[in-house]
Structures are given as C-alpha cells and as structure tokens.
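These notes concern the structure reproduced below.
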Amino acid sequence: MAEHTLSGARRGQKGPHGALIPVFDTHCDSLQRDLDLGHDLGTSTRGHLDLVRGREGGLAAVVLVCWCDPLHLEPGQLGARERTKHLLARGHQLLGRHPDQVRWVGNHQHLTEAREAGQIGALFGIEGGHSIEGSLENLEWFFERGVRVMTLVWNNHLDWIRSCRDGAGPNIPAGLSSFGREVVQTMNRLGMLVDLSHAGEQSFYDALEVSSAPVLVSHSGCYALHDHPRNLRDAQMKVLAQNRGVLGIVFCTPFLDAQARATESRLRETKEYQSISGFNPTDTFLQQAEWLQSQVKPLPLDRVLDHICHGVDVAGIDHVGIGSDFDGIECTPDQLSSAACYQALAVGLAARGLNRADITKILFSNSQRVLAEATGPGTRAAEASLQALECPKVSCGTPPG
Ligand SMILES: [Zn+2]
C-alpha cells in the first residue's frame with residue numbers, strides 16, 4: 001500500500017487501556033477489490049480493509065457489502081442481480097479460503113461463536129435495492145445465500161423508494177411505495193437488517209414506521225455538523241433511537257466536513273485526477289483514491305469524533321456505531337487510514353472522557369444488539385444456514401497483460 005496512506009496512522013495501536021476494544025464495522029466495500037482486482041482479503045492487500053489489518057485493529061464483525069453500479073442495469077450489461085451474485089460469491093470464497101480467520105455470521109449466535117473461536121465475523125450485505133430487481137423472490141434468494149443486511153436504496157432512485165440525492169434518476173414520489181413497505185416487512189420476517197443510509201428523508205421515516213425491528217443507518221454522519229444529504233438530521237436520529245436502531249458514523253471525509261468536501265471536489269475537477277485510468281472501474285477508483293489522498297491534508301480524527309459525540313448527545317449512547325465505508329471512499333481521516341487503525345477512535349473517545357463501557361458500545365455492542373434483535377427468535381435467520389454459492393466464471397481479478 002502506498003506510503004502516504006499510512007502517514008499519521010498508528011497501525012495496530014492498542015485501545016485506551018492497553019487491550020483492543022472489539023469493533024463492529026457496519027459497512028465496507030472491500031468485496032469489489034476481491035472480485036475486480038483479485039485481491040485476497042484474507043491477506044495483506046492494497047486498499048483499506050482486509051482480515052489481516054482488521055485483526056490488528058480489533059475488528060470482530062464486519063458487513064461486507066455487494067454494491068452494484070447502476071450502470072449494470074443498462075441494456076447489454078450484466079444486470080444488477082447477476083453482478084451482486086458475483087460479488088457475493090467472492091464473499092463465499094473468502095470464507096472457504098480462510099476458515100481459520102473468518103466465519104459467516106447469519107445471526108447473533110454465529111457472531112458469538114466467531115468471537116469464541118477468535119475469528120472475524122463476516123456479515124454479507126447488499127447496498128442498493130436495485131440488486132433485487134423488483135422481486136421479493138430475489139430478496140429471499142440472497143437471504144438464503146447469506147445476505148443479512150440490505151441498504152434499501154443507493155444514490156439511484158427506485159420505483160419503490162426515493163434516495164437522498166435530489167435530481168438523481170427519474171422523478172419518484174418521496175418515501176416508500178406499497179412494494180417498498182413489503183420489502184421492509186419481508187426483511188423483518190426473514191431477519192435481514194434494514195439499512196437506511198442513502199435513503200431520502202421521507203423514505204427513512206416511512207421505513208421506520210413499517211419496520212418491526214431496529215434498523216441500521218450503516219454509514220452516514222450528522223447533518224447538524226455538515227449539511228450533506230447523506231447525513232441524518234437531529235430529528236431523524238431521535239426517531240432512530242425510538243426504533244432502537246444504530247447510526248454507524250462514516251469515515252467519508254466529504255460527508256463529515258464542508259472544507260474537505262470542497263477541497264476534494266475541486267481536486268476531482270483537475271486534469272491529473274481525470275486522466276487516471278485503470279484496467280477496470282474498480283482499479284480506476286483505487287488509483288484515483290490514492291492520488292486524492294496524496295493531495296490532501298488528512299481530515300483530523302477529531303472531526304470523526306465530533307460526529308460520534310454529536311450522535312451520542314442527540315440519539316444517546318446506545319444508538320451510535322461505526323460504519324467506515326472502507327474501500328468505498330477515496331480519502332480517509334487522519335489516523336484512520338485502514339482497518340488496522342480502528343483503535344485510534346477508542347483512544348480519541350477516551351480522551352474526550354468516555355469510559356471503556358461506553359466506547360465498547362459505540363465500537364461494537366450497539367451494532368451487535370441490533371443484529372441480535374433483528375435476527376432473533378421468530379425470524380428465519382434464527383435458524384437458517386448458509387446455502388452454497390458457486391463463483392460464476394467471470395473474467396475479472398487480474399490485470400490485462
Ligand atoms: Zn454507500
């Protein structure tokens with residue numbers, strides 16, 4: 001990994017009292033690198049998150065998401081369900097390659113078993129309801145093959161849910177349609193965690209009205225600190241707390257800070273950035289991210305802590321977690337350049353006066369509780385096992401030549 005991305009980070013740093021505090025990261029995009037670049041996430045890789053660095057940073061549970069670029073929806077392309085299936089298959093392969101390091105988590109009990117065995121618990125997620133292509137059968141198909149989290153919508157509006165991005169996609173009415181409500185109810189019944197990051201404000205409220213289980217807002221920040229559409233307003237955080245849900249604070253610098261957003265968007269306009277071209281879109285993204293990171297002064301860790309502490313002040317200590325968005329973001333904050341560095345958060349929160357029990361809630365236990373409640377007795381997840389998924393034969397994973 002490029003030298004600059006570790007500058008300022010205290011890799012493998014211990015928690016505030018010497019021992020690692022376990023971490024539950026509610027959103028990471030690393031499966032893209034595994035599928036498109038052939039990175040084995042069970043080894044030390046280029047990028048933000050792999051199991052080796054996760055272990056150094058105290059990672060106990062991670063949601064590995066399958067994000068399908070909406071470009072795959074266009075005629076002649078692979079299709080969202082198929083692309084998602086390829087990503088998920090790479091997750092299955094990771095489990096098979098490194099059973100000593102990682103265990104699939106389909107419910108709360110599995111996470112307990114993973115922790116007892118000293119393994120990282122991997123939850124599989126889908127980022128964006130377009131992956132189910134308008135079908136509850138597809139949703140169940142993914143559930144049976146291990147998916148336990150679905151972000152209802154990404155930045156592209158769907159005909160059943162509006163995203164938080166004004167002007168993106170067709171002009172869909174605000175909120176959830178009756179099919180959208182059925183999706184949430186089906187997820188509740190199966191024991192899949194409903195994730196409302198990227199949802200429009202009305203969609204957020206509609207989903208909370210329907211959901212009988214606590215939800216995640218897996219990778220967002222606080223709107224009161226920076227008025228980015230991906231962040232939650234204080235009123236939303238209060239309703240999230242009533243639902244017993246968790247806001248996972250994201251490490252995405254443009255969401256956290258107005259100045260960082262302006263600087264990065266100016267750099268994206270430059271010839272240097274725009275001339276970067278990899279052998280596929282994931283390679284291009286990785287190279288652009290590394291270039292951008294080399295050009296900026298990293299956002300201070302304190303800014304991440306500000307968002308965590310604001311979340312705690314507004315929603316309460318039981319409703320804030322961590323959702324890095326590693327490998328889905330370009331720049332990382334200072335001291336948080338990779339999964340080896342999570343403990344910097346623990347040290348920073350201790351310096352702000354939080355005790356170990358409260359820090360553990362934020363880094364791990366709050367999200368663990370949401371998993372337990374959403375996959376508990378009465379849901380299919382409480383009993384279900386993982387159905388095998390063969391990796392489709394696709395030409396990816398190695399650079400040409
Ligand atoms: Zn996202």
Would you find a donor on one side and an acceptor on the other, under 3.5 Å apart, between the side chain of [X] and the backbone of [Y]?
X: Arg356; Y: Ala346; value: no
X: Trp104; Y: Gly146; value: yes
X: Ser367; Y: Phe364; value: no
X: Asp257; Y: Leu299; value: no
X: Gln101; Y: Ile120; value: no
X: Arg90; Y: His86; value: no
X: His157; Y: Ser163; value: yes
X: Ser365; Y: Gln368; value: no
X: Gln109; Y: Ala382; value: no
X: Arg145; Y: Lys85; value: no

Shortest non-hydrogen contact from [X] toward [Y]:
X: Val314; Y: Asp234; value: CG1-O, 3.6 Å
X: Cys222; Y: His307; value: N-ND1, 3.0 Å
X: Ala61; Y: Leu123; value: CB-CD1, 4.4 Å
X: Met150; Y: Gly129; value: SD-CA, 4.2 Å
X: Leu256; Y: Arg303; value: O-NE, 3.1 Å
X: Cys68; Y: His130; value: O-NE2, 2.7 Å

Is it true that [Y] and [X] share a donor-acceptor pair across their side chains at a distance under 3.5 Å?
X: Asn188; Y: Ser211; value: yes
X: Ser197; Y: Ser220; value: yes
X: Asp327; Y: Ser30; value: yes
X: His319; Y: Asn243; value: no
X: His198; Y: Asn155; value: yes
X: Asp29; Y: His48; value: no
X: Arg33; Y: Thr45; value: yes

Over-ring placement of Arg53 relative to Phe326, 6.0 Å and 45° cut-offs: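 No.
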Within 45° cone of Phe124 ring axis and under 6.0 Å: Arg148 NZ or CZ: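 No.
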Salt-bridge contact Glu137-Arg81 (side-chain N to carboxylate O under 4.0 Å):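 Salt bridge flag = no for Arg81 with Glu137.
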Residues Arg230 and Asp325 bridged, charged N to O under 4.0 Å: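 Between Asp325 and Arg230 there is no salt bridge, as every charged N stays at least 4.0 Å from the carboxylate O atoms.
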Rounded to the nearest 0.5 Å, what separates atom [atom1] in [X] from atom [atom2] in [Y]?
X: Thr26; Y: Leu216; atom1: OG1; atom2: CG; answer: 5.5 Å
X: Gln295; Y: Glu290; atom1: CD; atom2: CD; answer: 12.5 Å
X: Leu336; Y: Gln343; atom1: CG; atom2: CD; answer: 11.0 Å
X: Glu116; Y: Thr112; atom1: CD; atom2: OG1; answer: 6.5 Å
X: Phe251; Y: Ile329; atom1: CZ; atom2: CD1; answer: 7.5 Å
X: Ile362; Y: Leu354; atom1: CD1; atom2: CG; answer: 5.0 Å

Aromatic plane relationship, His228 with Phe255 - under 30° parallel, 30 to 60° tilted, over 60° perpendicular: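 The arrangement is tilted - the two ring planes meet at 30° to 60°.
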Given Leu152, Ile126, Val149, Val153, the one that forms side chain to side chain contact (heavy atoms under 4.5 Å, CB included) with Asp195: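 Among Leu152, Ile126, Val149, Val153, the one that satisfies the side chain to side chain contact (heavy atoms under 4.5 Å, CB included) with Asp195 is Val149.
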Member of Arg162, Arg181, Glu201 meeting the side chain to side chain contact (heavy atoms under 4.5 Å, CB included) criterion with Asp206: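 Per the side chain to side chain contact (heavy atoms under 4.5 Å, CB included) rule, the option paired with Asp206 is Arg181, out of Arg162, Arg181, Glu201.
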Candidates Glu330, Gln274, Gln288 - the one meeting side-chain hydrogen bond (donor to acceptor under 3.5 Å, both in side chains) with Arg268: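 Output: one option passes, namely Glu330.
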